Amino acid sequence: MDKGWGVVIVAAGRGTRMGTTESKQFLLLQDKPVFIHTLEVFAALKEISEMVLVTGAADVERCLDWVKEYRLESRVRVIPGGKERQHSVHEGLKALKTDWVLVHDGVRPFVDRKQITGCMEAAMSGGAAVLAVPVKDTIKQVNAEGIVTATPDRSSLWSIQTPQAFRLSSLLRAYESAANDGFLGTDDAMLAERQGLPVKVVEGSYTNIKLTTPEDLEYAAFLLGGEKKR
Ligand SMILES: Nc1ccn([C@@H]2O[C@H](COP(=O)(O)OP(=O)(O)OP(=O)(O)O)[C@@H](O)[C@H]2O)c(=O)n1
Ligand SMILES: C[C@](O)(CO)[C@H](O)COP(=O)(O)O
């Protein structure tokens, strides 16, 4: 029997680039913590049977309190993460029993249902899929002296987002292999790619931003205002 879809939502980072005292996943957008906005999008999807929130060991209790306050306790388990994003995702993967898994950043609250299901469908037909948008700027490779060394063809460049969707057993194998080899990637698909797994790109939206630096907060408030009016 197909054991369906689980999701790992990672929220164990320190938010160094945001520079706020409170970690960015706990900042309030319209009076609600960022990670709760994110959890609510996934909790509304009936295709998702298991949800794991990965947070800092010191934040597990207060996350559980928020999860209860927003009535998500029947949907979401909260577990402690690790030093790097990759370690946090690995902990989340080990906690799931589903056949398929989505991995998503807790600080990408503007993902929508259509983007998530698009990713799930692409993974089920091809093995793995990531949400992404074509890059808009010309990208240059620059050396340590500040000199341009290459201008890659923009038509083949995509900016990679989450969610990223995989068969759980394949992703777990990829994570174990990366851990054994001491390999650290900047997204989940990189680990699958190392195993030779084909990864499909699903075109998402430029508004699926990751809250990373302070100006992202102003844009997030703007996006949320716009969402309310729709
Ligand atoms: N050890 C870590 C590091 C990151 N993350 C999560 O991974 C997502 C994307 O990471 P990033 O934006 O880099 O978050 P931070 O590591 O918090 O930010 P920074 O690199 O600026 O410190 C975030 O939801 C973050 O909470 C995590 O769960 N565990
Ligand atoms: C996984 C990711 O969201 C893809 O864009 C991203 O790599 C997460 O963290 P980063 O530290 O900003 O690279």
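This is a predicted model, so every value here is computed, not measured. Counting starts at 1 for both ligands and their atoms, in listed order.
- Note on Val78 and Phe42: same hydrophobic cluster, where clusters join Ile, Leu, Val, Met, Phe, Trp and Tyr whose side-chain heavy atoms are under 4.5 Å apart, directly or indirectly.
- For Asp65 and Arg62, the salt-bridge test fails: no basic side-chain N is under 4.0 Å from an acidic carboxylate O.
- Using a 4.0 Å cutoff on heavy atoms, Lys24 counts as a contact of ligand 1.
- Of the protein's non-hydrogen atoms, the one nearest atom 15 (P) of ligand 1 is Gly15 N, 3.6 Å.
- A salt bridge between Asp137 and Arg154 is absent, with no side-chain N of the basic residue lying under 4.0 Å from a carboxylate O of the acidic one.
- Scanning the protein heavy atoms around atom 24 (O) of ligand 1, the nearest turns out to be Val10 O, 2.8 Å.
- Of all protein heavy atoms, the one closest to atom 23 (C) of ligand 1 is Val107 CG2, 3.6 Å.
- Residues Val130 and Lys200 have side chains not in contact (no heavy-atom distance under 4.5 Å, counting atoms from C-beta outward).
- The shortest side-chain heavy-atom distance between Met120 and Glu47 falls under the 4.5 Å cut-off.
- The nearest non-hydrogen atom to atom 5 (N) of ligand 1, considering only Gly56, Gly13, Gly19, comes from Gly13.
- Looking only at side-chain heavy atoms (C-beta outward), Val54 and Ile9 stay at 4.5 Å or farther from each other.
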Just the distances, no angles: every ligand 2 N or O to protein N or O pair closer than 3.5 Å, one line each.
from, atom 1, to, atom 2, distance (Å)
ligand 2, 3 (O), Asp105, OD2, 2.5
ligand 2, 3 (O), Arg108, NH2, 2.9
ligand 2, 5 (O), Arg108, NH2, 3.1
ligand 2, 5 (O), Ile160, O, 2.7
ligand 2, 7 (O), Thr186, O, 2.4
ligand 2, 11 (O), Arg17, NH2, 3.1
ligand 2, 12 (O), Arg17, NH2, 3.2
ligand 2, 12 (O), Lys210, NZ, 2.7

* Asked: Are Lys3 and Thr98 close enough, and set up right, to give a side-chain hydrogen bond (donor to acceptor under 3.5 Å, both in side chains), and what steps lead you there?
  -> CA-CA 5 Å; Lys3 287 182 274 165; Thr98 50; over 6 Å; no
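- Below 3.5 Å of separation, one finds an N or O of Lys83 facing an N or O of ligand 1.
- With respect to atom 12 (O) of ligand 1, the closest heavy atom belonging to the protein is Lys210 NZ, 2.6 Å.
- Of the protein's non-hydrogen atoms, Asp105 OD1, 3.5 Å is the one closest to atom 9 (C) of ligand 1.
- Scanning all protein heavy atoms for the shortest distance to atom 28 (O) of ligand 1 gives Ala12 N, 2.8 Å.
- Between Tyr175 and His90, the two ring planes are tilted [angle within 30° to 60°].
- Side-chain atoms of Ile36 and Leu72, non-hydrogen and from C-beta on, do get closer than 4.5 Å to each other.
- Nearest protein neighbour of atom 13 (O) of ligand 1, counting heavy atoms only, is Arg17 NH2, 2.9 Å.
- The nearest pair of heavy atoms linking Gln164 to Ala189 is OE1-N, 2.9 Å.
- Side-chain contact between Val41 and Ile116: present, with at least one pair of heavy atoms (C-beta onward) separated by less than 4.5 Å.
- Protein heavy atom closest to atom 19 (P) of ligand 1, with residue, atom name and distance, is Thr16 N, 3.5 Å.
- Because its NZ or CZ atom is not both nearer than 6.0 Å to the ring centre of Phe35 and within 45° of the ring axis, Lys24 does not count as a cation-pi partner of that residue.
- The heavy atom nearest to atom 29 (N) of ligand 1, out of those in Pro80, Gly106, Ala11, Ser88, is found in Ser88.
- Under 4.0 Å from ligand 1, the heavy atoms of Arg14 that appear belong solely to its backbone.
- Ligand 1 is approached by Gly82 to a heavy-atom distance shorter than 4.0 Å.
- Contact of the Met18 side chain with the Thr213 side chain is not registered, since no non-hydrogen atoms from C-beta on lie closer than 4.5 Å.
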